[in-house]
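Encoded as structure tokens, the structure appears first; notes follow it.
In what follows, chains are A, B, ... by sequence order, proteins preceding strands, each numbered from 1. No experiment lies behind these values; they were computed from the predicted model shown.
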2 protein chains.
Amino acid sequence: MPHAHPPLPPAPFPAPSHDHARCVATALATAETLCGERGARLTGLRRQVLELVWESHGPIGAYDLLDRLRALRSGAAPPTVYRALEVLMEQGLVHRINRLNAFIGCAHPDAPHEGQFLICTRCGTTAELDEPAIAHAIEQRARALGFAVEHRTVEVTGLCPSCRPG
Amino acid sequence: MPHAHPPLPPAPFPAPSHDHARCVATALATAETLCGERGARLTGLRRQVLELVWESHGPIGAYDLLDRLRALRSGAAPPTVYRALEVLMEQGLVHRINRLNAFIGCAHPDAPHEGQFLICTRCGTTAELDEPAIAHAIEQRARALGFAVEHRTVEVTGLCPSCRPG
DNA sequence: AGACTATATGTTATAATGTTTCATTCATGA
DNA sequence: TCATGAATGAAACATTATAACATATAGTCT
Ligand SMILES: [Zn+2]
Ligand SMILES: [Zn+2]
Ligand SMILES: [Zn+2]
Ligand SMILES: [Zn+2]
């Protein structure tokens, strides 16, 4: 049925006023489904960490996560968070932003991928792209130099539509 | 004179057997010239750190630099290295590789720019690109989303021509 | 159920990376 | 030569991440 509307992907830069509780609920439900399909275990701890990661649409540091997790689990320590993040990243539910030593929920976790990120330096809101043109431009130049690409890190900082002057 | 050969840029992936002492000497001489032109001060310490950074064509961590610097300056401490690196980065003589928490000498320091890096995971050799097609692909998608780009981090890992099987 | 196994989590310590602060030295120019 | 600002020395501290080992939990087999 080629004329059916596909489900709209979430806007790359959600409006500050959007119903973020729904984003979180969706992300958790999707994670549950995907882990179920894959035989991966989304334990209580991992679910809690994923929920904390999704508290905003911006990257959050491991120790900030830890502070918040401690409200839920008094004994939480750095490995508690890092181990959960490791599994969540393996499952493609969370990405790491190297520039910021921080983590963000994946916007399209259905298929494994490396994201490309547009990070607002003012409000932190971050859009995740998966733009073939960018990957292709990299791939093409690498190939010309005889370089076999494994991983691509693309992290762009700037101002999001809400924070941009004018 | 459109038919004159322009000076060849250094190969993005230098052969392992190349005369690297010449790379280092060229990099130091260029740095000297550029700093002279700009009224920036390439002090003895900064020159030493730049030379250590250029010991290879791969990224090197701040504490590895510190270890080596201590052979030359017994009292060196972390700020010794980080302060020198800060100045060298301001002058565009060194880039930071966020993925690796490491630093590498800039291959074309004449004009200020952010590099794009192809990093060999086997031997560490890293090529610095300044490929308009990559920057353009990013810029174009960002613009479409209303995002005003400030900085672009492009760090690609893989295997260089020398390390690639076949 | 009971024993076995693999996975997950708790707990403590430590490693790796990066910054702040204040004192001292050095270059430069009035 | 003295005043000034930049650069470096030195110590402490902050942040980010991992290692090592103990305990608990969840499935699996008998
Ligand atoms: Zn949201
Ligand atoms: Zn913003
Ligand atoms: Zn060389
Ligand atoms: Zn290589």
Side-chain angles (χ1 to χ4, degrees), chain A residues 31-32 35-36 38-53 58-91 93-104 119 124 153 155, chain B residues 31-32 35-36 38-53 58-91 93-104 119 124 153 155:
Chain A
E32 205 76 58
C35 287
R38 298 168 182 168
R41 297 166 59 173
L42 188 61
T43 64
L45 171 61
R46 292 167 188 172
R47 195 184 348 262
Q48 284 176 326
V49 170
L50 182 59
E51 184 166 1
L52 291 174
V53 166
I60 181 172
Y63 280 76
D64 283 349
L65 280 173
L66 178 55
D67 286 343
R68 298 177 191 201
L69 184 61
R70 280 183 164 139
L72 308 172
R73 305 200 156 223
S74 58
T80 313
V81 162
Y82 281 103
R83 287 192 290 222
L85 288 171
E86 187 182 1
V87 171
L88 293 171
M89 288 193 292
E90 282 168 9
Q91 294 301 320
L93 299 169
V94 165
H95 293 291
R96 177 183 170 89
I97 306 294
N98 284 302
R99 261 187 93 91
L100 303 178
N101 296 333
F103 303 85
I104 190 167
I119 307 155
T153 295
E155 296 170 359
Chain B
E32 205 76 59
C35 287
R38 297 168 182 169
R41 298 166 61 174
L42 188 61
T43 64
L45 170 62
R46 291 166 189 174
R47 194 182 352 260
Q48 284 176 326
V49 170
L50 182 59
E51 184 167 2
L52 291 174
V53 167
I60 181 172
Y63 280 75
D64 283 348
L65 281 173
L66 178 55
D67 286 343
R68 298 178 191 200
L69 184 61
R70 280 182 165 140
L72 309 172
R73 307 200 155 221
S74 59
T80 313
V81 163
Y82 280 104
R83 287 192 291 222
L85 288 171
E86 187 181 1
V87 171
L88 294 170
M89 287 193 292
E90 282 167 10
Q91 294 300 319
L93 299 168
V94 166
H95 294 290
R96 177 183 171 89
I97 306 294
N98 284 302
R99 260 187 95 90
L100 303 177
N101 295 334
F103 303 85
I104 189 168
I119 308 156
T153 295
E155 296 169 359

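From B:I97, atom CD1 reaches atom CG of A:N98 across 11.0 Å, with rounding to the nearest 0.5 Å. Atoms OH and CG, on A:Y82 and A:L66 in that order, are 9.0 Å from each other to the nearest 0.5 Å. Atom CZ of A:R47 is separated from atom CG of A:L42 by 5.0 Å, given to the nearest 0.5 angstrom.
Rounded to an integer number of Å, the gap from CZ of A:R70 to C1' of C:dT11 is 12 Å. At whole-Å resolution of the value, CG in A:L42 and C1' in C:dT7 are 15 Å apart. The nearest whole Å value for the distance from the CG atom in A:L69 to the P atom in C:dA8 is 17 Å. Regarding A:L66, its CG atom lies at a distance of 14 Å from the C1' atom of C:dT12, rounded to whole Å. If you take CG of B:L100 and P of D:dT16, they are 18 Å apart, rounded to a whole angstrom. Rounded to an integer number of Å, the gap from A:R99 CZ to D:dT15 P is 20 Å. Rounded to whole Å, the distance from CG on A:D67 to P on D:dT15 is 10 Å. In this structure, CG of A:N98 is placed 14 Å from P of D:dT16, rounded to the nearest angstrom.
Remark: side-chain polar atoms of B:R73 are not paired, donor with acceptor, to backbone N or O of B:Q48 under 3.5 angstrom.
For the pair A:S74 and B:A62, nearest-nucleotide mapping onto DNA chain C gives the more 5' position to A:S74. Comparing B:F103 and A:A77 against DNA chain C, the residue whose closest nucleotide sits nearer the 5' end is A:A77.
Applying the side chain to side chain contact (heavy atoms under 4.5 Å, CB included) criterion to A:I60, with sequence neighbours excluded, gives A:D64, A:L65, A:R68. When the side chain to side chain contact (heavy atoms under 4.5 Å, CB included) test is applied to A:N101, the partners found at least two apart in sequence or on another chain are A:R96. A search for side chain to side chain contact (heavy atoms under 4.5 Å, CB included) contacts involving A:R41 returns A:T43, A:R46, not counting sequence neighbours.
Near DNA chain D, defined here as any heavy-atom distance below 4.0 Å, the residues from residues 43-51 of chain B are B:T43, B:L45, B:R46, listed numerically. For the segment residues 79-89 of chain B, residues with any heavy atom less than 4.0 angstrom from an atom of DNA chain C are, sorted by number, B:P79, B:Y82, B:R83.
The side chain of A:R96 places an N or O atom within less than 4.0 Å of a non-bridging phosphate oxygen (OP1 or OP2) of D:dA17. The side chain of B:N101 contributes no N or O atom lying less than 4.0 Å from OP1 or OP2 of C:dA16.
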For side-chain contact (heavy atoms from CB on, under 4.5 Å), just list the numbers for A:V49 and A:T80, CA-CA rounded to whole Å, side-chain angles, deciding distance to a tenth of an Å, and then say yes or no.
CA-CA 9 Å; A:V49 170; A:T80 313; over 6 Å; no
(request) Please step through side-chain contact (heavy atoms from CB on, under 4.5 Å) for the pair B:L69 and B:V81, ending with a clear verdict. (result) CA-CA 8 Å; B:L69 184 61; B:V81 163; 3.9 Å; yes
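Listed here is the closest heavy atom pair of A:L85 and A:V94: CD2-CG1, 4.3 Å. Of all heavy-atom pairs between B:P59 and B:A102, the closest is CB-CB, 3.6 Å.
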For nucleotides 25-27 of chain D, which of its nitrogen or oxygen atoms have a protein nitrogen or oxygen under 3.5 Å away, and what is each distance?
none

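In this structure, the side chains of A:I119 and A:L100 come closer than 4.5 Å at one or more pairs of heavy atoms.
Comparing D:dA17, D:dT8, C:dT17 by their closest approach to the side chain of B:Y63 singles out C:dT17.
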